[in-house]
2 protein chains.
Amino acid sequence: MNIKEVAKKAGVSVATVSRVLNHPESVAPDTKQRILDVIQELEYTPNWFARGLNFNKTDTIGLLIPNILNPSYMEIAKGVEDVSHQKNYNTLLCNGENAIEKERKYVDILVKRRVDGIVLVSSLLESDDIENITKQGIPVVLIGENRGDIKGIPIVRIDCEGASYKAVRHLIDIGYKDIAIIYGSTPEKENKRKVDGYRQALAEEGITEREEYLQEAPNTIEGGYIAGKRLNDLKHRPRAIFTSSDILAFGAIDAMKDHGVKVPEEVAFVGFDNIRMSNLIEPKLTTVEKPMHKMGVVGARLLFDIIDTKGEDITNREILLQSKLKIRKSCGHKERIGEIF
Amino acid sequence: MNIKEVAKKAGVSVATVSRVLNHPESVAPDTKQRILDVIQELEYTPNWFARGLNFNKTDTIGLLIPNILNPSYMEIAKGVEDVSHQKNYNTLLCNGENAIEKERKYVDILVKRRVDGIVLVSSLLESDDIENITKQGIPVVLIGENRGDIKGIPIVRIDCEGASYKAVRHLIDIGYKDIAIIYGSTPEKENKRKVDGYRQALAEEGITEREEYLQEAPNTIEGGYIAGKRLNDLKHRPRAIFTSSDILAFGAIDAMKDHGVKVPEEVAFVGFDNIRMSNLIEPKLTTVEKPMHKMGVVGARLLFDIIDTKGEDITNREILLQSKLKIRKSCGHKERIGEIF
DNA sequence: ATGAAAGCGCTAACAG
DNA sequence: CTGTTAGCGCTTTCAT
């Protein structure tokens with residue numbers, strides 16, 4: 001079914017049919033109605049490719065996330081999708097799987113498909129890769145920090161370093177000194193910042209850092225388990241552990257329990273993200289609340305701003321969202337159950 | 001950058017350039033090389049729309065799931081994506097949000113975009129909706145049962161009824177009689193089957209059903225919490241609860257704990273799905289292991305079979321996958337920690 | 001082995 | 001207000 005058949009059946013030219021689809025106001029009411037009827041009758045829908053060939057626009061955005069099975073990324077994805085769906089856009093969700101080649105491949109596909117914009121979540125891409133995208137006129141927005149240094153690419157993020165500092169500070173305030181950190185290998189830069197925040201809190205208190213208290217691990221439950229076990233096997237087991245994500249904490253807590261270590265009585269925990277599950281495990285996890293859904297929403301809005309205005313005045317925008325420390329049970333704090341900034 | 005410029009620069013006709021891209025063997029080695037060089041130099045990539053206009057093929061499949069935040073659906077999605085990515089296909093992930101209008105809208109978009117096939121996960125669509133898709137020549141595969149009765153649409157699923165029967169049977173074997181069920185409002189049909197399995201197990205034992213032990217709830221953690229609370233408020237609280245999904249169990253267990261009820265000492269639990277988190281909560285959840293990733297993989301393979309063979313001999317295929325009962329702590333079983341069929 | 005040209009389905013400028 | 005027609009970028013006969 002194509003426009004020609006519709007035109008023939010309605011006794012008009014293809015141009016007129018095209019008009020009722022794209023500029024309905026410029027067509028006489030009765031001809032318009034007649035054509036509309038035929039369209040309905042023939043169940044005609046314009047060919048997607050032909051349209052694209054003319055408009056060079058897809059009403060689609062690409063969304064690249066590091067791991068589709070990680071709930072915190074999915075919450076961001078949900079935020080993006082909410083906005084894009086509401087704008088009648090489609091979202092092409094790509095699962096980078098923490099592998100730069102896979103990310104590159106996906107970006108390639110997205111570019112080839114002429115998506116109208118791309119949202120990159122904590123990606124591994126280098127600045128060159130990103131430049132390649134924008135050079136083709138496709139706007140990019142970052143959610144969470146990227147590996148490469150990016151100049152002039154809008155980004156929405158939180159203050160990882162500050163948030164981590166406060167989290168560790170809280171642990172110190174309670175009275176712990178032997179504090180370890182488990183940080184994910186990805187996303188690289190953000191986790192580096194989290195380590196920095198951790199260090200800063202320790203340094204401020206004159207606590208000397210122990211090499212073996214810095215544990216890197218894949219950012220998965222399993223990764224957390226292994227790192228937790230390593231920490232437990234240490235001659236001098238830490239009294240408290242800060243993790244760069246909740247799922248790492250889940251794994252590490254599980255490891256402790258498996259080895260008969262009591263949480264938080266023997267080892268206290270503070271996580272990062274506040275995913276939905278974090279107050280369901282035992283003990284409920286004290287964690288940094290990262291506004292993931294909101295980050296997705298804000299990121300998508302930013303992207304659409306650029307798309308809609310063709311990126312006129314939006315240069316080098318950086319949006320910093322707030323995160324709070326959510327104090328629950330796992331940190332072993334006696335009284336202050338609640339939230340602080 | 002388009003094919004014309006490449007042709008000009010290489011001193012050949014556009015036809016020849018097109019040939020090296022689509023039928024390289026039909027071009028003289030040296031001309032081919034020359035053209036390849038120019039392509040590289042000019043960073044030429046064929047226009048996706050123009051290609052589509054000719055081939056009417058997108059190398060894209062659509063995947064519609066009920067809820068992007070539900071880990072069990074994401075595991076299925078991962079399975080589908082794994083296969084499709086490996087086949088160099090793209091996956092358009094759509095979040096139906098348990099709303100039939102949103103599902104319809106998405107399917108509409110997918111059809112308009114001429115995706116090469118669609119995977120529907122436990123969708124709300126009626127058989128008419130699905131017929132509308134297949135009528136347009138787009139193959140459809142179902143993962144998990146649909147709302148409508150579908151004839152001749154390939155499906156991969158598990159035996160919900162049998163699995164639930166065994167789960168409840170296990171509860172009975174341990175010695176419980178007052179057994180309740182919390183079942184999600186979606187996916188409708190599968191949960192109906194789970195209720196059937198539950199009923200059958202009770203009936204077999206001559207246990208009379210109590211109306212108030214059948215609790216329907218939204219298939220979310222929150223839904224589980226509310227249903228759990230309702231069950232706890234009952235004059236005669238059940239001694240054991242079977243839930244149609246793990247996340248419902250998570251919510252209900254949380255509710256019990258909040259009200260000072262001990263799990264499994266006072267109320268035992270058996271879930272359904274065996275998502276990764278289910279052995280991290282306290283107590284570790286006894287649950288029906290549903291092979292979600294595998295369902296995704298098998299479903300996608302099935303779809304590609306149809307796409308590749310143009311659906312010649314694949315009629316009315318139904319693939320039934322096995323699920324096991326995974327016995328952990330939450331059911332309160334003393335000895336048999338492990339797996340049974 | 002290569003080129004010329006038709007055509008995929010649609011949009012928009014130009015004429016009337 | 002509507003029709004004619006020239007593209008959009010590519011693939012593929014049909015010649016040569």
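Please read all numbers here as calculations on a predicted model, not as lab measurements. Chain naming here is simple, since letters A, B, ... match the order of the sequence lines and numbering starts at 1 in each.
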- request: Determine whether the aromatic ring centres of F55(B) and F49(A) lie less than 6.0 Å apart.
  value: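 Centroid separation for F55(B) and F49(A): 6.0 Å or greater.
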message: Donor-acceptor check, side chain of N132(A) to backbone of K135(A), threshold 3.5 angstrom: yes or no?
response: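 Checked: no pair found.
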message: Any side-chain to backbone donor/acceptor pair from N191(A) onto T186(A)? Under 3.5 Å, distance only.
response: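 Pair found, side chain donor or acceptor close to backbone of T186(A).
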Answer yes when [X] and [Y] have at least one side-chain N-carboxylate O distance shorter than 4.0 Å, and no when they do not.
X       : Y       : answer
K78(B)  : E97(A)  : yes
D308(A) : K87(A)  : yes
R34(A)  : E41(A)  : no
R104(B) : D108(B) : no

message: Below the 4.0 Å mark, does dT2(D) have OP1 or OP2 next to a side-chain nitrogen or oxygen of T31(A)?
response: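 It does, given that an N or O in the side chain of T31(A) lies less than 4.0 Å from OP1 or OP2 of dT2(D).
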field: Residue from N54(B), D59(B), T60(B) passing side chain to side chain donor-acceptor pair (under 3.5 Å) with K57(B)
entry: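 Answer after filtering N54(B), D59(B), T60(B): D59(B).
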message: So if I apply the side chain to side chain donor-acceptor pair (under 3.5 Å) rule between R147(B) and each of E188(B), E103(B), E190(B), which one comes out positive?
response: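 Going through the options one by one, the only one that passes is E188(B).
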query: Near DNA chain C, which residues from residues 105-115 of chain A have a heavy atom under 4.0 Å away?
result: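 Listed by number, there are none.
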task: Let me have a per-nucleotide readout for nucleotides 8-16 of chain D, 5' to 3', with B, S or -, counting only protein heavy atoms under 4.0 Å.
output: BBBBBB---
- request: Kindly determine whether N95(A) and H85(B) satisfy side chain to side chain donor-acceptor pair (under 3.5 Å), including the steps that lead there.
  value: CA-CA 10 Å; N95(A) 179 20; H85(B) 182 259; over 6 Å; no
- prompt: When you list every nucleotide of DNA chain C with an atom under 4.0 Å from a heavy atom of chain B, which one comes first 5' to 3', and which comes last?
  reply: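 Terminal contacting nucleotides, 5' to 3': dA1(C) to dG9(C).
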